[in-house]
Amino acid sequence: MAGGSSSSSSSSSTGPSLVDSLFQRSLDDLIKSLRSQPVGAEPALLSRALAEIRREIRSPDPDTKAVALQKLTYLSSIHGLDASWAAFHALELLPSPSPLHKRLAYLAASLSFHPSTTDVLPLATHQLRKDLSPSSPPNFSSLALHLLSLSASPDLARHLAPDILPLLSPRASSTTTNTKNNNNNSSPLRPKAAVATLHALSLCPDVVPLLVKPLVDCLSSPDPRVVSAAVGAFAELVSATDPSPYLPLAPEFYRLLTDSRNNWVLIKLLKIFARLAPLEPRLAARLVDPLCDLIRRSSAQSLVLECVRTLFSGFPDHDRALRLAVDKVKEFLTNDDDPNLRYLGLRALTILGPRNSWGVVESRDSVIQSLADPDPNIRHEALRLIMGMVFDTNVVEISVMLVNYAMKSDPVFANEMLDAVLTTCGRNVYELIVDFDWYVSLLGEMARNPHCAKGEEIERQLVDIGLRVRDARPELVRVARDLLIDPALLGNPFLWRILSAAAWVSGEYVEFSTNWLELVEALLQPRTSLLPPLVRAVYIQAVFKVLAFCFSSYIDQLEASQVSSLGHSTTVGGSTIECNAASANCLSDDITGTESADGFATADKPASLLSLLEKKDPFFTRESLKRILYLIETAVGPLSENDDVEVQERARNVLGLIHMLQEIPAWKTEEEGFKKDKDNGVGKIMNLMQAMFSEEIGPVSVNAQKRVPVPEGLVLEENLSDLAMILTEGDIAPSMSISFTLRSHQHMETKDEAAPSVQSTYLLAEHRKRHGLYYLPAEKDETELNDFPRAYDPLLPVSHSDATEDLVKLTEQSLIPRKVKHTKPRPIVLKMDEGDGVLPSALTTVKESKDDMLSGAIHEVLLGNEGKPSSSQKGSSNKSSGRRMKGVSDNSESVPQSKENLDLGDRENRSSSSRRSQHRSHGKGRHRSSQNNEEKEEKSHRNSTRSGHHHERHEHRQRGETPLNAVPQAPAIQDLLL
Amino acid sequence: MAIRFILLVNKQGQTRLAQYYEYLTLEERRALEGEIVRKCLARTEQQCSFVEHRNYKIVYRRYASLFFLVGVDNDEVCPSVLLNELAILEFIHLVVETMDRHFRNVCELDIMFHLETAHFMLEEMVMNGCIVETSKTNILTPIQLMDKAS
């Protein structure tokens, strides 16, 4: 230690000198000096050591060089220093006769070499070949194999594949050790060669014909280590690629499964069978018994777990075995000592999926208790499992349970639960939700959670439901009111977004509000000063809408009373409220909803409002209006000087309206005079204002623009067409964001009445056909509004005493999908088209399309070389070999590592094929749903690319099922399956 | 499905051994190690040994002052392809036992000062992310041979 530090201090003081190379610091010295240095001095020490290494590594003396390389390896692997610059020096040491130096050099190389960064890698080819040769010591070959399996490039793999071959074949082991009978002494290299082969195969599929056969032979080796490595290699191959080519090996795997006593091997075999079983139904029948046996007998939890997983994923139809597995999982879940088993039990149940949800239902108590587990990861898994079991029949119970539980949970997990509920319920435009009143109040309840940080999503959904679900609006307004009037909520920054949505909702759908004065007070309460400017602006705009609505209603109400006092002898004044917003002429004594026969376009909203108003106490008195005006003036007045432009502008708008109203002299006179005067002033203004807000805002389809027919004579710029790619990929679901666009209902309807020209009728018909979903029958809308059942009754009171017990109680039936009779039909949810916010999941197709050269080549070897392949097979193998050729040419240029490389090569030569444009549309199709014709094209294309593969697989099954088929491999499978 | 990396980290969060079976740049490695170590070290004994991070699942176990972390793929699409977590835990234990046998009561310093040896042990046990050897004797024989030769 002392020597080390003194030498370092001397090097720092005197600089480079002969002394340094003579008295080189060893790695131990370096480590000691690093350990003894004070905190903070490390970077300086490291850079000094690095300078030292750079100098030493150039030394002609191999010992000095080796120690320098050793130090560099240490520093790069522990302290993250770059060692790629020394690649050549490592190469220089590779041929060293000294095992020590060779070992160092190989270690340095395997830790730092990679085809993408090491350009000198091809220089290692010769040395590797030499070390791999059977004449060199086994430990040298072992080092070379290791480097090959970590850092090989496709080229290197191709060149050295013939050199791996002898190591892989049993001959090599017998020649080197001459003791074939003694398993323990057979070549230690053969298992390593098997794994290196795996890497070579995945890098470079054209070595498949050479290497796969020996790898298969390894399966029947007497040496368990060789078998283990080979099984591992096949497990890797089966899981990474299309498993179907490996089906012919099933008998061999089955033999091993029954013979082997090694748990590692058994686990790997189970993994292989988990992939193969879905391809061959009879295989499952054959495997069930051994698997059940293993579950019952084995003492190794890892093996039991693997059996359970295999049963869950590959054997969905074998109820008896599944029951055994589910029982085992229940044991796992109730194991209080071992959190690992609880976690893995939950994970295993997730595999079971909705198809066999009974398994989850049976263990629901443990699952739900896991929501309160001390380990957040276990809680997370439990949540994920529960969310996977949500159907439209139990969504209410589960959501309520989770939202209630979120109240008591820790902040992070509470938000996780809220997020899960929001995502699940909002999925696919609320496809699970039947009762929107319930859901809207649930959203309100979520906002009340003190930990809630999901403001953004709740905001989005509140507004979105407002736009899409007309029937939910009254409840939405009620929920918004509850949120707005609570001054405590204003202080929580996470809720601002929700409050903004609430303010917007209560402004936009103000007609459903019950108490306007209260609403205005809530919107203008002093604590709104805590809000950020943008939300405040929304608040003020809502005030504007409320004001406009109140005044116009007041005027209409006066008119109505006038008319009705003329016609019938109804009480005049503010006592009864019978108003009809737009058309006074269609007013009749039976107001509720019948006038829509001719005046639907304009009377739509007010008519429904009317039914509300009728039930209430008179409200629009002159005094209350004055009070509202006064309130607004005093609260908004100061804001006209606000720093923020948005707030200032909105405030000035409101104030402007008020001043305008006050300047009209009629306002100041008595009510009678005002009434008479309405034609000139206030009435006109207010009707104008009300008209401004009465147009309904609706969701806009992603493809709305596309549907607008291109007018004749309009030439769209052609050179913009290449922008299409960018635009369509990026703009997936703009309709999910809150962008408002006017959709003029009235316009459409009146056009319809007016019986326009032939062409426009046709267009309109087309339009209606497309939008059929949201032309709501007006009558239904209004009549239902009255007998709307109160969906949200205070569900399931929760005492906060014992969390988990409550949880279980809460959810007695929550996971059971049961039929619920809906008292009323699900309200109409506006959807613009199928693609509205729905992203077709591409996940399943990705794996399929990766069906790559490798599996093709292996297919060829395993089936092809043992007999005459059927015609379709030949076709497919030709195709795959053709692809392979291309893949090779690509691979020579691209050099990233194994899997990515495969993928890349595949993609590259796909895109180089003649069907480039179609491929692109395929890629696009994953991200967004396109119009029908495009979809079709895509589908047909996908079929065409996959048909070869499907066909292949189909062939397999056929071959297995019809005993007369004379394909050589078939008997083997059947032997097993009989 | 293969092992992606093996990390040995002490309880101060310093990396003591890092073996990657897939290519990551130095920056990526440093970031990954930092994130993983933060996540795993914050966990208690009562919590399970599995942590999901990015596209990895990390199986870890603590032995005295050292954390042994093994990263494997986290495949959501096809969970049956995942490496068996319990088997990984057994593997970690095997690593520790092997080191213990070789160094006699292995401690952090042994691994620091004999990093190469530790690497060679792993090389004997794992190749390209696949576990190839599980017998302690078989693992240690070539290493002892090499030590004798040098």
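Per chain, numbering begins at 1; letters A, B, ... match sequence-line order. Just so you know, these numbers use all the heavy atoms, side chains as well, and skip hydrogens, waters and symmetry mates.
Proximity to chain A is absent for every atom of B/Val9, based on heavy atoms less than 4.5 angstrom apart. Using a 4.5 Å cut-off between heavy atoms, B/Leu109 contacts chain A through its side chain alone, with no backbone atom that close. At a 4.5 Å heavy-atom cutoff, B/Val59 makes no contact with chain A through either its backbone or its side chain. For A/Tyr343, the part sitting under 4.5 Å from any heavy atom of chain B is the side chain, from C-beta outward, and nothing else. At a 4.5 Å heavy-atom cutoff, the contact between A/Ser142 and chain B is made by side-chain atoms alone. Only the backbone of B/Leu17 has a heavy atom closer than 4.5 Å to any heavy atom of chain A. Both the backbone and the side chain of B/Glu124 come within contact range of chain A, with heavy atoms under 4.5 Å apart. Using a 4.5 Å cut-off between heavy atoms, B/Phe120 contacts chain A through its side chain alone, with no backbone atom that close. In this structure, chain A has a heavy atom under 4.5 Å from the side chain of B/Thr134, while its backbone stays farther away.
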Any chance you could lay out the side chain to side chain contact (heavy atoms under 4.5 Å, CB included) test for A/Leu341 and B/Leu86, step after step, and finish with the verdict?
CA-CA 9 Å; A/Leu341 289 183; B/Leu86 293 176; 4.0 Å; yes
For this session: Go through the steps for B/Arg43 and A/Asn377 under the test side chain to side chain contact (heavy atoms under 4.5 Å, CB included), then give the verdict.
Result: CA-CA 10 Å; B/Arg43 295 171 62 81; A/Asn377 290 4; 3.1 Å; yes
Does the side chain to side chain contact (heavy atoms under 4.5 Å, CB included) test come out yes or no for B/Glu116 and A/Tyr74, once each step is laid out? CA-CA 8 Å; B/Glu116 288 162 60; A/Tyr74 178 85; over 6 Å; no
Can A/Ser77 and B/His119 be said to form a side chain to side chain contact (heavy atoms under 4.5 Å, CB included), step by step?
CA-CA 11 Å; A/Ser77 109; B/His119 270 293; 4.2 Å; yes
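By number of non-hydrogen pairs under 4.5 angstrom with chain B, the leading residue of A/Ile272, A/Leu104, A/Leu270 is A/Leu104. Heavy-atom pairs under 4.5 Å with chain B were tallied for A/Arg342, A/His79, A/Gln301, A/Arg35; the largest tally goes to A/Arg35. Most heavy-atom pairs under 4.5 Å with chain B, from the set A/Ser84, A/Ser228, A/Gly80, A/Ala229: that is A/Gly80. Listed options A/Leu150, A/Asp28, A/Ile267, A/Asn139 were ranked by heavy-atom pairs under 4.5 angstrom with chain B; first place goes to A/Asp28.
Rounded to the nearest 0.5 Å, atoms CG (A/Leu145) and CE (B/Met127) are 5.0 Å apart. Rounded to the nearest 0.5 Å, atoms OH (B/Tyr20) and CG (A/Leu111) are 11.5 Å apart. For the atom pair B/Leu122 CG and A/His146 NE2, the distance stands at 8.5 Å (nearest 0.5 Å). How far CD of B/Gln46 is from CG of A/Asp336: 12.5 Å, rounded to the nearest 0.5 Å. The NZ atom of A/Lys32 lies 11.5 Å from the CE atom of B/Met112; values are rounded to the nearest 0.5 Å. Here the straight-line distance linking atom CG of A/Leu148 with atom CG of B/Asn128 works out to 10.0 Å at 0.5 Å rounding.
Atom CD of B/Glu45 has 12 or fewer heavy atoms from other residues, nucleotides or ligands within 6.0 Å.
What you find for A/Asp375 and B/Cys48 is that their closest heavy atoms are OD2-N, 2.6 Å. Residues A/Pro374 and B/Gln47 come closest through the heavy atom pair O-NE2, 3.4 Å. Minimum heavy-atom separation, B/Ala87 to A/Ser302: N-CB, 3.7 Å. The minimum heavy-atom distance between B/Leu89 and A/Asn340, with the atom names listed, is CD1-ND2, 3.3 Å.
Classified by interplanar angle (parallel below 30°, tilted 30° to 60°, perpendicular above 60°), the ring pair A/His114/B/Tyr23 is parallel.
Under 4.0 Å is where a charged nitrogen must lie from a carboxylate oxygen, and between B/Glu123 and A/Arg103 no such pair does. Between B/Lys57 and A/Glu381 there is no salt bridge, since no side-chain nitrogen of the basic residue lies less than 4.0 Å from a carboxylate oxygen of the acidic one.
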